[in-house]
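Everything numeric here is computed off the predicted structure, so don't read it as measured data. Hydrogens, waters and symmetry mates are skipped; everything else that's a heavy atom, side chains included, is used.
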Amino acid sequence: MGDIVVSIVAKLAEYTVGPILHHARYLCCFNNIAGNLLIAKEELELTRNSVNERVEEAIKRTEKIEPAVEKWLKDVEKVLEEVHMLQGRISEVNKSYFRRQCQYFLTKKIARKIEKMAQLNHNSKFEPFSKIGQLPGMKYYSSKDFVLFKSTESTYKNLLDALKDKSVSMIGLVGLGGSGKTTLAKEVGKKAEELKLFEKVVMATVSQTPNIRSIQVQIADKLGLKFEEESEEVRAQRLSERLRKDTTLLILDDIWENLDFEAIGIPYNENNKGCGVLLTTRSREVCISMKCQTIIELNLLTGEEAWDLFKLNANITDESPYALKGVATKIVDECKGLPIAIVTVGSTLKGKTVEEWELALSRLKDSEPLDIPKGLRSPYACLGLSYDNLTNELAKSLFLLCSIFPEDHEIDLEDLFRFGKGMGLPGTFGTMEKARREMQIAVSILIDSYLLLQASKKERVKMHDMVRDVAFWIASKTGQAILASTGMDPRMLIEDETIKDKRVISLWDLKNGQLLDYDQLNCPSLEILLFHSPKVAFKVSNACFERLKMIKILAFLRSGYNWSSWEIPLTSYLTLSLPQSMESLQNLHTLCLRGYNLGDISILESLQALEVLDLRGSSFIELPNGIASLKKLRLLDLFYCTIRNLWPNAYEVIGRCLQLNELYLCIHSLVCRQFPHNVSFSRLERYVLFNKMNPWSRGIYRGIDILEEHRPCRALCIEGFNASVQSFISLPIKDFFQKAEYLHLMHLEGGYENVIPSMDPQGMNHLIFLILEYCPEIKCVFDSTNADLLQTEDAFSSLVILSLLGLDNLEEVFHDPSSRCSLKSLEKLTIESCRQLYNISFPKNSKLCHLKLLTIYKCPMLTCIFKPSIFQTLELLEHVVISECYELKHIIEEVEEGSVDYVSSQSRTSLMLPKLRELTIYGCQGLEYIFPMCYAHGLASLEKLSIKVCGKLKYVFGSEKEYDLTVYQHQSNCQTIHINFLNLETLHLIGLPNLVEIWPKYFHLHFPNLKRFQRTYCPRLPDSCVRRVMIIDSDLQQDSTATENELLCLVTTTCNQLSDQVLSSKLRHVLKFRYLGLFGLGVKGLFQFQIREHESNRELAPLKLDLTHAYLGNLPELEFIWKGPTNFLSLRMLDMIDVNGCPKLKAIFSPTILRSLPMLTRLEIIDCEELEQIFDLGDAQSLYTCSQEVCFPNLRTIRVRKCNKLKYLFHNFVFGSEKEHDLTGLASVEELDIEECNELKYVFGSEKEHDLRGYQHQSRRQTNIHIYQILRLGTLRLIRLPNLVDIWPKYFHPHLPNLKVLCIDCPRLPDSCVRRMMIIDSDLQQDSTATVIYYSKMIISLIARN
């Protein structure tokens, strides 16, 4: 019991005495506790300072401070501020009267602050303290130097579109070095980051020699990834895992070769997850090898863009000196749109004097590098890297060789090959064909590297001028110095001290042909000597070549290599005499002498090293016998040569040249000889042999364009070949026929009724181009009637172009009952003037899936063209012309259901002519319709449909059966079918007297983009059909109350329901035409717009139309052309308007039309009996108020005839210019012709305007005479105008300095009016240029007085 009492007492003491003592401490120990506050504060301040130092160090390391640290620092500052306030209260409490009581409460607060500071000190150990800060990413890259020009805008947009496409993970941006690929890639990356197309966008530079470790570090650092591993392989795995975590765009800049993504750690984008890659490179081959799904090319700048960029970098402003600007534009031209050159040169010249600019221009023209300041990248060094990166030695050599051609020259690959072969470049040894393949590979490498550019034609390339300058620079550094110049006098070579070190001299467009006739050309290292001039003959001294022992290529050229411009008359040849010193050129491999009268060429026999002899287009006496003994000769080009002693020597010499690999032969001669049949060359790999029997015939050159464009390896063109069919197989020449890729036969004789099997039973499967002209015995091209004669199952399998002309006995093109003919490659078929052709008879099993062009002309017996089964294979047909086939009834033969050629309607609706763009039918008098409606669905690409002079044509679309509504109802349950011709822009229906419908009424055809519509002489075609063609927008209703004969087009809409932009867009569909031709309609009005305002007071914006040509004829009921709100329509593009035979029309241009016609060049109005005004201005008061709006700045021709109600042509507004002495409204008029207008009183000006008092009142002007110049008016005819009393008001004085013809037959016109046109100057009282005036019945000649 006692123990319990003791424990209770102890607990009571604990709960009562302890707190009492604790509170007593606040009273007794105030000073001690206040002192501890100062100590705790100092300790916390030291800790805070230490943490702040760590913060500063972390910030310097660009690390981000942890939020806990930032909160701790804020808490510390707050506590220290509170402690500071407590210290102030401690000093105050000691002075207080209630000191003990105040000390008690203050001590409690101090104790709590000490405890708080102790706690903050204890919590100052932070882990982690900071972390690596997030980098700015693509925002880091500045945009200050980036200008989005129009030429790069499409590339920019294409790149963004590709990045948005989730199915594309690998994109290649390719272009010439220095074209701005890196800058554009950065901007695209910034935009992709801004649009959040990827969670991360990372850019890494790869460079010419890829460093895997460096690329890994660049990517990892920007992703905030730290590698702890050392090996590249393990790092690759780590990086790959990181890149798979979220979507990342990797921009890999400056790639030169295939990059191993696996070695770096870049995962391929599988299932649209992981990273996308945008790479920049100078080589398209890199993009292909890295399997880029999209390859986008960056083009160079246009001239205007280049100038803008140059001004920006050279600091050229409007205030810059004119002389400096002149030099600057020439410097920009030298840069040819290459951004790095523009920026570098502009920055280099900024602030320099005009003299320094001129020096820079001179150096650029001479292909000498500029002195580039430090910090700017030299374009030469930049482009030189592309050359250094080439591993193909032949590509390197060809790159330098291309620089010998002039600036902007389109280099023919044949020239490049012949010169390259002559130089003995790496890879050009062995056979000619092998050398060609090697060269083609090398050229492709240069194109893929953008060191060469594809030219306008497939077989030509170009070199950018700056790249060409780099080639000179490289050649000079490597001891292969090149002198290439245009317009230089060759005699200046003597004055050039550096000439002896040149390896190449290439002089183009020479104006002087005097070649060093007084001295020797001292160039011991020279290997190429080229002279070019289309206009001058060359005089070569005998001493010219004596020191050129090392020369390998010698060329005298009138033009580059081509096939189409060598028909040179004998009188136009320029002379080039070959000096005896040529025999010293024993290292000469290639000799080109093109287009010259060479005379005696026997000296060529001594050139034993010769491999290429090119005499194309030249004339000479005879071909030397010794040519056959030139054992190394591999290529002989005698195309378009004139040989005076042709027969038999020339062909005998050529026949002995068995060493040849290539022969090009077309010889002019006044002696008509047939090509020898016994010629054979066992080693010949390429040949182009033309034999022209008639020297004045041009037919032989019909296929020259094919040779120029396609360059077939083996071509044979023979006129008058007459060996019999029986002997043909034993002739050596047969190999030329059977191996040819191009075969052109004219006037073939000898019993050839076909080509196959008569000439080649094996099917001529090498043949790509076949032209037959005027071969009277040919009955069909291919005949498999006797299948035993054929040794092939797919004859003509490679045939691309087939042209048949003037084959009078051709009955079928293909007669193939055994299905041995294949036309799977045929792209173009032309049949012309084949009078007996009744059927083309395409082989039954052939698929014309590559046929693009079909032309049939003057085949009067042809009745149909395609069977339905063949027609459905025309997947690529683009262009069809059928003309003057009088018996043609159907384009697609009508066959009965169950026939082998029948195609069911279900299979007709998809792939019927999906690519057809143009269809032209002319003079097919028996044709009943064009296509059945079941085929119209497939014409999605049709752009132009022109049908003219087809007398029996009743329908355009739809057969007779399809217009039978009962048949249609039975087959289709009477549902209206909509067909959209979205691309049709031109529709011509001309001379179709029996046309009654364009398509059946139960079909609804839409032409939303129709721009040219002409309907002429279609008397049976209802106006409603025309209306159906023109109205296509359902939102703009055609008023149903308009009767058939009232209006062609009445459109109503509500103004406040549509914005101006939407309203304009929809109305443009109604008047969407650029060319409008309407003839023979019975309507009273053409176009009327009712725009209901519905309490809207806003002014309508003018509707700008694209109409350029308007032809209106034979519209007997027409009263107006356009009607609508005032100034509602703008015809700003109208070029010509012809109105003929509209007897009820009262005005051409109503108030609806804006009176400014800036593009109008011709105005012709004929036979409009009721016409009162050309421009109807409505309210007469507007005559002067709107005068400033009217303008005809380009009007050249005005013709008005037989308009008997017309009283004047134009109101006074044509004189409304404020510019004195300038009749701007008629500034360009050259011809003014007015005839037979009985009531015409004035040409210019109304009745009021000819009243001088009315003029003064209205215009508030003085009565001064105003002189106006109509500078271009050369012809003024005023014929049979019985009431004409004046041409223009008396207060206007016309000045006609160029008037040459003035014809006036107007009995009431005063002589004074004529005199006002003639007397314009006190010194020259009569117009000196007017030669003849016909006035009434007088002829007056005017002669200028000296």
Side-chain angles (χ1 to χ4, degrees), residues 856 859-868 871 880-896 905 908 912-913 916 919-939 942 944-972 974 976-977 979 981 984 986-1007 1010 1013-1030 1044 1077-1082 1114:
I856 303 176
C859 297
M861 304 299 292
L862 189 65
T863 58
C864 73
I865 297 175
F866 298 107
K867 293 184 181 295
F871 188 78
V880 176
V881 177
I882 305 170
S883 179
E884 298 183 44
C885 298
Y886 304 119
E887 295 298 322
L888 185 69
K889 292 185 176 180
H890 305 114
I891 294 175
I892 306 166
E893 184 179 354
E894 291 185 348
V895 296
E896 297 296 327
S905 60
R908 293 174 180 175
M912 296 299 177
L913 305 182
L916 185 65
L919 174 61
T920 300
I921 311 290
Y922 176 81
C924 298
Q925 300 294 347
L927 194 63
E928 298 173 0
Y929 61 91
I930 306 302
F931 290 133
M933 283 305 303
C934 53
Y935 292 112
H937 294 272
L939 301 175
L942 190 64
K944 180 180 179 180
L945 176 59
S946 180
I947 307 169
K948 302 178 181 179
V949 195
C950 298
K952 292 185 179 179
L953 192 80
K954 293 180 68 177
Y955 316 112
V956 177
F957 297 106
S959 63
E960 192 76 48
K961 289 182 179 179
E962 290 174 312
Y963 278 85
D964 185 344
L965 186 59
T966 57
V967 174
Y968 170 71
Q969 289 172 341
H970 173 71
Q971 292 181 347
S972 63
C974 206
T976 300
I977 300 174
I979 302 176
F981 285 82
L984 189 67
T986 301
L987 176 60
H988 289 164
L989 303 173
I990 300 172
L992 310 175
N994 285 297
L995 183 69
V996 296
E997 277 283 3
I998 300 176
W999 65 84
K1001 290 184 173 64
Y1002 49 83
F1003 282 86
H1004 194 169
L1005 274 61
H1006 300 266
F1007 307 100
L1010 193 64
F1013 176 51
Q1014 183 170 358
R1015 181 256 210 192
T1016 305
Y1017 190 60
C1018 303
R1020 297 184 62 191
L1021 184 68
D1023 296 345
S1024 58
C1025 287
V1026 180
R1027 187 178 295 113
R1028 287 161 62 197
V1029 170
M1030 301 178 69
E1044 288 285 314
L1078 297 175
F1079 301 84
L1081 297 177
N1114 189 24

Looking at every heavy atom in both [X] and [Y], which two are closest together, and how far apart are they?
| X | Y | answer |
| --- | --- | --- |
| Pro993 | Gly951 | CG-O, 3.8 Å |
| Leu995 | Cys1018 | CD2-SG, 4.4 Å |
| Tyr886 | Gly923 | CD2-O, 3.4 Å |
| Ile856 | Cys885 | CG2-SG, 3.7 Å |
| Tyr929 | Gly958 | CB-O, 3.4 Å |
| Cys924 | Cys950 | O-CB, 3.5 Å |

Rounded to the nearest 0.5 Å, how far apart are [atom1] of [X] and [atom2] of [Y]?
| X | Y | atom1 | atom2 | value |
| --- | --- | --- | --- | --- |
| Leu1081 | Phe1079 | CG | CZ | 10.0 Å |
| Thr863 | Glu893 | OG1 | CD | 7.5 Å |
| Lys948 | Ile921 | NZ | CD1 | 12.0 Å |
| Cys859 | Glu884 | SG | CD | 10.5 Å |
| Thr986 | Leu942 | OG1 | CG | 9.5 Å |
| Lys889 | Lys952 | NZ | NZ | 7.0 Å |

Inset, instruction - Please test Val996 against Tyr955 for side-chain contact (heavy atoms from CB on, under 4.5 Å), starting from the C-alpha separation and ending with a verdict. - result: CA-CA 6 Å; Val996 296; Tyr955 316 112; 3.6 Å; yes
Inset, instruction - Indicate yes or no for a side-chain donor-acceptor contact from Gln1014 to the backbone of His988 under 3.5 Å, with no hydrogens or angles considered. - result: no
Tell me, do [X] and [Y] make a side-chain contact under 4.5 Å, heavy atoms counted?
| X | Y | result |
| --- | --- | --- |
| Ile930 | Phe957 | no |
| Leu1021 | Ile998 | yes |
| Phe1013 | Leu1078 | yes |
| Leu989 | Leu945 | no |

Inset, instruction - Would you check, one step at a time, whether the test side-chain contact (heavy atoms from CB on, under 4.5 Å) holds for Ile947 with Leu919? - result: CA-CA 8 Å; Ile947 307 169; Leu919 174 61; over 6 Å; no
Legend entry - Residue pair Val881, Tyr922: steps toward the side-chain contact (heavy atoms from CB on, under 4.5 Å) verdict: CA-CA 8 Å; Val881 177; Tyr922 176 81; over 6 Å; no
Inset, instruction - Could you label the plane-to-plane angle of the Phe1007 and Trp999 rings as parallel, tilted or perpendicular, counting under 30° as parallel and over 60° as perpendicular? - result: tilted
Legend entry - Glu997: salt bridge (Lys or Arg N to Asp or Glu O under 4.0 Å) partners, not counting sequence neighbours: Lys1001, Arg1028
Legend entry - Asn994 and its side-chain hydrogen bond (donor to acceptor under 3.5 Å, both in side chains) partner, picked from Arg1020, Glu928, Lys954: Arg1020
